[in-house]
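A short worksheet on the structure shown next.
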2 protein chains.
Amino acid sequence: MSTRQRSGATSSDVAALAGVSQSAVSRAFTPGSSLAEEKRLRIVEAAKKLNYVPNSIARSLTTRRSNIVAVILGNTANPFYLQVLEAFILRLQGQGRQVLTFTVPNGGDSDEAILRVLRYQVDGVILTSAQLSTRMVSLCHDRGIPVVLFNRYIPGSDASGVRCANAEGGRLIAEAFLAAGARTFAMIHGDPKGTTSQDRARGFVDKLAEAGIARSAITSLEGHSVYDGAFNAVSRHYRDGKAKLPDAIFGINDIMAMGAIDALGQRFGLKVPDDVMIGGFDDIAEGRRFPYRLTTVRQPIDTMVEKALDILHLDEPLRPIQPGIDVQVPGRLIWRQSIPAPRSRTPDGAA
Amino acid sequence: MSTRQRSGATSSDVAALAGVSQSAVSRAFTPGSSLAEEKRLRIVEAAKKLNYVPNSIARSLTTRRSNIVAVILGNTANPFYLQVLEAFILRLQGQGRQVLTFTVPNGGDSDEAILRVLRYQVDGVILTSAQLSTRMVSLCHDRGIPVVLFNRYIPGSDASGVRCANAEGGRLIAEAFLAAGARTFAMIHGDPKGTTSQDRARGFVDKLAEAGIARSAITSLEGHSVYDGAFNAVSRHYRDGKAKLPDAIFGINDIMAMGAIDALGQRFGLKVPDDVMIGGFDDIAEGRRFPYRLTTVRQPIDTMVEKALDILHLDEPLRPIQPGIDVQVPGRLIWRQSIPAPRSRTPDGAA
DNA sequence: CGCAAAGTTGAATGCGTATTCAAGGGGCGG
DNA sequence: CCGCCCCTTGAATACGCATTCAACTTTGCG
């Protein structure tokens with residue numbers, strides 16, 4: 001009701017009411033510090049009476065730890081990364097930490113975001129699907145702020161990262177296609193500069209090469225990591241029988257595989273997997289359901305998030321920055337209806 | 001490479017290098033403060049040399065403004081709210097502000113999140129689809145922290161809020177159904193305690209009543225605001241011809257409308273809109289596409305976000321907390337294929 | 001009972017910045 | 001040439017809390 005500007009009671013206010021020193025109040029709210037139980041109770045009671053809440057900003061200033069972790073997101077159009085964001089939030093909240101969320105325009109660099117992050121003295125930075133200059137890496141490095149790249153790495157840098165074993169995942173899809181009898185292929189790339197897309201494509205092509213498929217039998221399309229990009233690429237490339245349809249199309253991520261399926265269905269009246277088989281990557285919720293039923297490589301989000309936070313070493317009082325730790329977590333092939341199952345396998349339903 | 005604990009150069013370091021006082025450095029980084037241009041340049045240069053970045057934590061302590069806004073999310077399973085989150089992030093980033101993101105378990109209360117928020121001295125709180133006790137409202141109130149409820153309100157409270165005109169939206173869907181010739185109806189509710197779901201349902205029922213449809217001709221199902229909930233509710237309710245199918249089903253939000261469509265198709269082989277027509281609410285991206293093509297009420301996210309931030313009055317140096325401002329933004333009916341178009345209208349394609 | 005060790009407590013200090021206050025300098029009009 | 005006002009500047013202080021240090025109290029054990 002009043003327009004008071006004070007943001008609330010301070011530890012000194014509580015101290016005065018409880019008849020103790022400000023130090024005692026601080027200790028009452030710092031687990032593990034030495035304080036008589038009886039006094040602690042008295043302080044807590046006084047605090048409640050004043051609606052006292054410790055000021056984390058002030059605390060951060062002295063402890064030099066903000067308990068804030070920054071998560072920087074590129075490509076928010078891909079539901080996968082929103083799922084990743086949620087996983088980070090849940091886990092960090094469980095640890096009593098907060099998440100400062102940033103987005104950077106798709107394909108843009110994250111330098112500005114990093115600069116903002118530095119101002120807020122965050123305890124760590126998670127970077128997904130965004131470019132990061134090596135200058136920024138070393139800036140964080142110098143200030144003792146650990147950075148973990150999520151599903152991305154900077155070749156030649158010593159930045160740490162966690163990623164799905166993308167190349168192996170690409171191989172898994174290739175194997176599935178081969179087992180289902182495909183002999184001609186297309187793949188829809190995401191961000192051409194992104195290592196994630198490159199690695200998946202490489203694994204895919206390598207496996208096919210091993211099976212004797214010539215590189216020329218594999219068409220490359222650009223889908224820019226988004227649904228519409230894939231939809232349009234497929235629509236354009238196969239319009240009017242301009243190009244011959246392959247037996248199988250690999251969407252470098254699920255959202256593009258979905259775009260491809262819809263383009264085939266709506267533009268050309270083609271059915272998946274009867275006319276063309278489709279494989280994806282990520283295992284996003286939307287792709288599990290009708291009508292997509294994507295056969296895909298599941299990225300174990302929880303495991304990846306856990307490992308990323310491990311690398312951050314948030315609990316270390318002083319954290320020596322290790323030279324880049326690079327963790328790869330294997331993906332798992334999930335069989336659904338978008339690729340016909342070979343004899344030896346049975347498709348599972350929607351997971 | 002070193003394990004230095006210092007988090008970087010301070011304004012005093014820069015001052016020493018530039019041969020000025022710490023005050024001057026502070027002024028150099030505070031737009032609008034009085035400082036000779038030549039000196040400002042010298043300071044900026046020294047700062048660059050030291051990789052100095054102002055410490056926002058320390059700044060917040062003296063200015064009593066953190067430039068942080070908290071966004072609390074319930075129901076992250078609904079893509080709509082992730083879209084909302086992104087809109088807030090983008091807009092706030094553009095203002096030089098940061099977003100602290102919290103999630104609360106679906107249907108849970110947000111009291112704990114609010115308490116965390118208070119510790120961080122955020123400049124404002126946005127709360128979406130989560131319960132909030134009036135005690136917490138007044139706690140924020142007392143501390144001068146503005147709270148805006150997004151698509152939610154607390155009856156009898158003076159908390160501010162922005163929401164879509166939900167009742168009117170429900171009416172729009174009812175009108176569309178009626179225009180298409182429907183006479184029997186079902187609706188799938190979301191969170192039974194949520195005002196959003198209640199309001200949409202009320203508008204829907206009211207409009208039907210005006211058209212002479214008895215309440216008993218409207219079946220109520222519980223979908224708990226999630227895809228699976230709606231899918232299961234429809235599957236169960238109409239199993240084995242247990243209940244007669246209505247002409248039209250209103251999913252209180254798109255994600256449930258989608259679940260309903262899939263249940264009808266997969267469980268009963270029914271086609272939309274030929275066998276049953278379906279209406280939704282929100283206009284999420286997934287519902288625009290094949291195979292859903294949802295006719296729905298679009299919530300103008302950008303407008304709503306803008307208004308929500310207006311109410312926050314982030315720029316006011318001292319912000320008197322107004323008694324609850326309650327803004328309602330009208331939704332717009334988007335015609336797609338899930339409801340047959342009456343003569344006078346033409347459906348648009350995927351938007 | 002005595003002494004050392006452990007446990008408690010408060011005063012004082014520092015974290016990095018913004019801001020106030022008073023002092024100094026320069027320009028301008030009279 | 002003088003006086004006034006505005007612009008610029010640095011010293012000092014406050015922001016709210018954690019932590020160190022020294023003083024004091026209690027416990028434990030011989």
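Reminder, nothing fancy here: chain letters follow the sequence lines and each chain counts from 1.
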Measure the distance from [atom1] on [X] to [atom2] on [N] and round it to the nearest whole Å.
{"X": "Ile43(B)", "N": "dT9(D)", "atom1": "CD1", "atom2": "C1'", "result": "10 Å"}
{"X": "Tyr120(A)", "N": "dC15(C)", "atom1": "OH", "atom2": "P", "result": "22 Å"}
{"X": "Gln22(A)", "N": "dC15(C)", "atom1": "CD", "atom2": "P", "result": "16 Å"}
{"X": "Arg65(A)", "N": "dT19(D)", "atom1": "CZ", "atom2": "C1'", "result": "16 Å"}
{"X": "Ile57(B)", "N": "dT17(C)", "atom1": "CD1", "atom2": "C1'", "result": "12 Å"}
{"X": "Leu61(B)", "N": "dA18(D)", "atom1": "CG", "atom2": "P", "result": "12 Å"}
{"X": "Arg40(B)", "N": "dT8(D)", "atom1": "CZ", "atom2": "P", "result": "9 Å"}
{"X": "Asn55(B)", "N": "dG16(C)", "atom1": "CG", "atom2": "C1'", "result": "6 Å"}

Which nucleotide in dA18(D), dT19(C), dC15(C) has an atom nearest any side-chain atom of Thr63(B): dT19(C)

Shortest side-chain distance from Arg64(A), nucleotide among dT17(C), dG16(D), dC15(C): dC15(C)

Angle between terminal axes - the helix from dC1(C)-dG30(D) to dG30(C)-dC1(D), 5 pairs each end, rounded to 10°: 30°

Tyr81(A) and Phe150(A) aromatic centres sub-6.0 Å: no

With sequence neighbours excluded, residues passing side chain to side chain contact (heavy atoms under 4.5 Å, CB included) with Thr196(A): Asn151(A), Arg152(A), Asn166(A), Arg200(A)

So, is [X] near the phosphate of [N], with a side-chain N or O under 4.0 Å from OP1 or OP2?
{"X": "Ser11(B)", "N": "dT17(C)", "value": "yes"}
{"X": "Lys39(A)", "N": "dT9(C)", "value": "yes"}
{"X": "Ser21(A)", "N": "dG10(C)", "value": "yes"}

4.5 Å side-chain heavy-atom contact, Ile126(A) and Val69(A): yes

Test item: side-chain donor near acceptor, Gln98(A) and Arg116(B), under 3.5 Å: yes

Donor on one side chain, acceptor on other, Thr76(B) and Thr103(B), under 3.5 Å: no

Salt bridge present between Asp111(A) and Arg135(A) (N-O < 4.0 angstrom): no

Gap separating the SG atom of Cys164(A) from the CE atom of Met304(A), nearest 0.5 angstrom: 5.5 Å

Residues touching DNA chain D, which here means a heavy atom under 4.0 Å, drawn from residues 23-37 of chain B: Ser23(B), Ala24(B), Arg27(B), Ser34(B), Leu35(B), Ala36(B)

Main-chain N/O of Tyr120(B) paired to Ser56(A) side chain as donor or acceptor, under 3.5 Å: no

